[in-house]
Amino acid sequence: MIYILIIVVLAVIIFIGKGIPVFLYHQVNSLSNITPELFEEHLKILKSKKMNTITVSEYGRKETPKNSVLITFDDGYYDNYKIVFPLLKKYNMKATIFLNTLYIGERRWGETKIEKNGIANYNAIKKYNALNDGVTEQYMTWAEIKEMYESGLVDFQAHSHKHMAIFKKLEFQGVFEKDSMDCTDVFLYGDIEEGFPKFPKRGEYSGKGIIINREFFKKFQEYYFKNLKGKSEKEILSLGQEYIDKHIEPYVMIETEEDAEFRIKDEFILNKTIIEGKLNNKVEYFCWPWGHRDKKVVELLKNLGVKGFITTKKGTNSYSPNWNMIRRIELRKFTPEKFKINLMVGRNLLIGKIYGWLS
């Protein structure tokens with residue numbers, strides 16, 4: 001038994017410093033789970049541990065000094081410029097931001113009151129549905145992004161243009177009881193009303209999807225009020241599915257592989273082209289919206305120039321990583337103590353891999 005313990009301890013020791021942790025953030029503000037004070041504590045810890053922050057592009061070029069670590073942000077919210085960027089400059093640390101380009105305007109006019117990302121994205125998609133314009137002051141502007149990029153501290157890569165969803169199955173999951181504050185629901189349904197049917201959805205890059213004409217939601221709503229409202233949940237699900245199976249065909253289009261490929265290709269090229277056009281950089285890394293991955297889409301995006309895929313899968317990465325799946329550690333509410341623990345786990349390639357397998 002003691003020999004097994006010695007072997008385990010030696011294995012753990014051997015892999016210390018062999019892992020490269022990649023930390024994931026979204027917003028940093030007083031309304032977020034990650035406050036400016038907490039984020040600064042994270043940076044202080046990295047500084048005290050003599051960690052070297054690198055960008056994802058540097059990682060891809062194997063510019064990986066000892067004690068390498070990545071700080072990443074998804075989406076591109078305004079606080080990334082207003083709050084995060086000054087702290088990166090203060091501690092001379094680097095980060096990578098994966099951008100959703102639909103929401104980014106050219107310049108900022110006046111002061112912006114920061115909102116939580118759920119509200120910000122809901123309002124942006126409501127505007128997009130009404131005006132075909134999703135630009136919102138809750139995201140950074142291109143002027144701000146260019147300033148960050150030219151500092152040499154921040155890399156910008158692809159995260160999709162809209163960061164929206166698509167229906168995946170015609171499986172009835174109940175009805176909306178009121179308006180939904182979920183931006184993907186608003187994107188798919190428009191103005192949501194009581195009695196609209198719920199269907200499974202996933203990120204737009206997760207492969208083939210189903211397009212449902214919005215007229216069907218109204219049609220189902222009429223049936224719901226006449227025949228389902230007030231019945232038990234079990235009856236609603238059974239009778240609702242039966243109605244959908246009988247009546248949805250004229251209102252639905254199930255994508256072929258070619259349809260999905262065209263849609264995803266078009267969406268990604270728009271995202272990539274806008275970023276490269278604004279920054280004159282190379283977009284070679286793609287961060288999956290919500291982490292919803294698809295093997296066929298991996299090959300599609302590789303043919304469009306993507307070298308690495310960033311996920312929400314937990315765990316760590318080696319100095320010669322699997323670029324089909326860069327793992328990250330998401331910081332929803334990490335105290336400095338929890339951050340230290342996750343940094344220690346991520347730096348040890350063996351423990352970090354075990355953590356990823358168990359998560």
List, by chain and number, the other hydrophobic cluster members for [X], where Ile, Leu, Val, Met, Phe, Trp and Tyr join if side-chain heavy atoms come within less than 4.5 Å, directly or indirectly.
X	value
I166	I211, M253
L31	none
L300	Y205, I264, F268, I269, F286, W288, V297, V298, L301, L304, V306, F309
Y59	I20, V22, I54, V56, L70, F98, Y285, I310, Y319, W323, I326

Heavy-atom donor-acceptor pair, E58 side chain to T55 backbone, under 3.5 Å: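 Indeed, once roles are kept as given, a pair shorter than 3.5 Å links the two residues.
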
Side-chain (N80) to main-chain (H26) donor-acceptor, under 3.5 angstrom: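 Such a contact is found between N80 side chain and H26 backbone.
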
Results of salt bridge (Lys or Arg N to Asp or Glu O under 4.0 Å) for K265 - residues two or more places apart only: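 For K265, no residue satisfies salt bridge (Lys or Arg N to Asp or Glu O under 4.0 Å) once neighbours in sequence are set aside.
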
Contacts of type salt bridge (Lys or Arg N to Asp or Glu O under 4.0 Å), residue E137, not counting sequence neighbours: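 Not a single residue meets the salt bridge (Lys or Arg N to Asp or Glu O under 4.0 Å) criterion with E137.
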
NZ or CZ of K89 within 45° of F85 ring axis and under 6.0 Å: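 Yes; both conditions hold, so K89 lies above the ring face of F85.
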
[X]: partners by ring pair (Phe, Tyr, Trp, His ring centres under 6.0 Å), with sequence neighbours left out:
X	answer
Y251	F216
F39	Y25, F73
H292	W290
Y149	none

L102 versus K162, closest heavy-atom pair with distance: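 In this case the closest contact between L102 and K162 is CD2-CG, 3.8 Å.
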
Least distance between heavy atoms, E106 atom then T141 atom: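 Smallest interatomic distance, heavy atoms only, reads O-CB, 3.4 Å.
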
Ring pair (Phe, Tyr, Trp, His ring centres under 6.0 Å) contacts touching residues 100-133 (sequence neighbours left out):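 Found Y103-Y139.
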
Side chains of Q157 and S57, donor plus acceptor under 3.5 Å: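 Yes - a donor-acceptor pair under 3.5 Å links their side chains.
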
Contact list for residues 345-359, test salt bridge (charged side-chain N to carboxylate O under 4.0 Å, His left out), sequence neighbours left out: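 Not a single pair qualifies under salt bridge (charged side-chain N to carboxylate O under 4.0 Å, His left out).
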
